[in-house]
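The structure appears right after this line, and notes come after that.
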Amino acid sequence: MGSARECIDNGKAVLGIEFGSTRIKAVLIDEAHTPIASGSYGWENQLENGYWTYSLDAVWKGLRACYSSLLADVQARYGTKIRRLGAIGFSAMMHGYMAFDQEGELLVPFRTWRNGTTGPAASALTELFAYNIPQRWSIAHLYQAVLDREEHVPRVRFLTTLAGYIHWKVTGEKVLGIGDASGMFPIDTTAKTYDPVMMEKFEKLIEKEQFPWKLKEILPQIRMAGEAAGVLTAEGARLIDESGDLEPGIPLCPPEGDAGTGMAATNSVAVGTGNVSAGTSAFVMVVLDKPLKKVHPEIDLVTTPDGSLVGMVHANNCTSDLNAWIGLFGQVLESFGVKADMDLLFPALYKKGLEGESDCGGLLSYGFLSGENIVKVEEGRPMVVRRPDSHFTLANFMRAHLYAALGALKLGMDILTREEKV
């Protein structure tokens, strides 16, 4: 405890904050990279006017609440406060659309990665670039807004991701880590820049619109892992810490996407390594030794935080429907006066699935709370179906939902392994 407190009091601890789909997490580590304190805050996206979104107020409320939770943990463990840090880093869910005008005002509500509303744009850009552009990517959102003649498009002066937005507001720097940037627009992995050939093709595509901006002018500047990305301003410190104790001047690393966080946390940044992230969405990241032989709409090509090529299989849906059913079972218990401890209920029901039949007794779960690009489902319609003669047991029910949580992901992985021999 003494050494951890000294690390905090001497301003040597490093803070990482990630904005996930359902939880904002803060982790404080010491100089040996050992976690010494943490905090969290739960939040949820909203479906408004046909788009999945989070309000900017929710972003800042969540950040402050998460940081306050961290401070409470530091006080409880070590009896001290955080005033200075060795460094800060932000990461968040990738992709999506955050477009700002000349005054820095958000032009339309944040459109998250979860929206499957850019099909025509994604298909057109994939054909134009001969490179897969998923519906989630920022460039697909921008071009769809162009196709839809949205009135705000001529006023766009800055386009970024959630991590890039938070970083900009606390440092004043419009930069982005290369991994997160690779989910906005394709990357030239040799030059470590946005692909100039594809950028030129895009400019020619929209030339007739005569917009008062160029794509290279509105995208954030790319930073590699380890490069300086700005320092915390006095205003930024107040945005994070309501107590006023956090001092400005702290260096920040490049803001990254949640995929980069997963690669770094699992030490999966070298060629031939990979990791799986399973939460609201699910994705596999495999660091490639060579480009893929052909374009696959099920496979994204992104990068590690140091710019190496990654094959990414991303499914929009994973645990949301599964979580909802377990929550329902918790309500059943509570109706009998039994307090449902979710830390016990989740593993108990997951293990129950091990007793299910290999074909889940004929039960099928379609756990699509939102659209699912891999199987070309545009909108979420979660459902469970069975035949009259299916074996409708709890074990089969849980096994079907566990399979379904990773079902779309498996389809993409089959392409990566069988067709591309990765």
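In this chain, residues are counted from 1 in sequence order. These numbers were taken from a predicted model, which means no experiment stands behind them. Worth knowing before you read on, the calculation uses all heavy atoms, side chains too, and leaves out hydrogens, waters and symmetry mates.
Residues satisfying the salt bridge (Lys or Arg N to Asp or Glu O under 4.0 Å) test with R114, not counting sequence neighbours, are none. Residues satisfying the salt bridge (Lys or Arg N to Asp or Glu O under 4.0 Å) test with R381, not counting sequence neighbours, are E379. Checked against ring pair (Phe, Tyr, Trp, His ring centres under 6.0 Å), H141 has no partners two or more places apart in sequence or in another chain.
With salt bridges taken as basic N to acidic carboxylate O contacts below 4.0 Å, none links K192 and D188. With respect to the salt-bridge test (charged N to carboxylate O, under 4.0 angstrom), the residues E31 and K12 do not qualify. Salt bridge status for E242 with R238: absent, with no side-chain N to carboxylate O gap under 4.0 Å.
Under the 4.5 Å side-chain criterion, counting only non-hydrogen atoms from C-beta, L15 is in contact with L70. Here the side chains of L125 and L205 are in contact, with some heavy-atom distance below 4.5 Å.
Ring planes of W168 and Y165: perpendicular class, angle over 60° (limits at 30 and 60°). Using cut-offs of 30° and 60° on the angle between ring planes, the pair W43 and F19 is perpendicular. Aromatic ring pairs are classed by plane angle as parallel below 30°, tilted from 30° to 60° and perpendicular above 60°; the pair W213 and F211 is parallel.
Just one of L28, L252, V14 meets the side-chain contact (heavy atoms from CB on, under 4.5 Å) condition when paired with L85; it is L28.
Because its NZ or CZ atom is both nearer than 6.0 Å to the ring centre of F158 and within 45° of the ring axis, K174 counts as a cation-pi partner of that residue. Under a cutoff of 6.0 Å and an axis angle of 45°, R5 and Y78 do not form a cation-pi pair.
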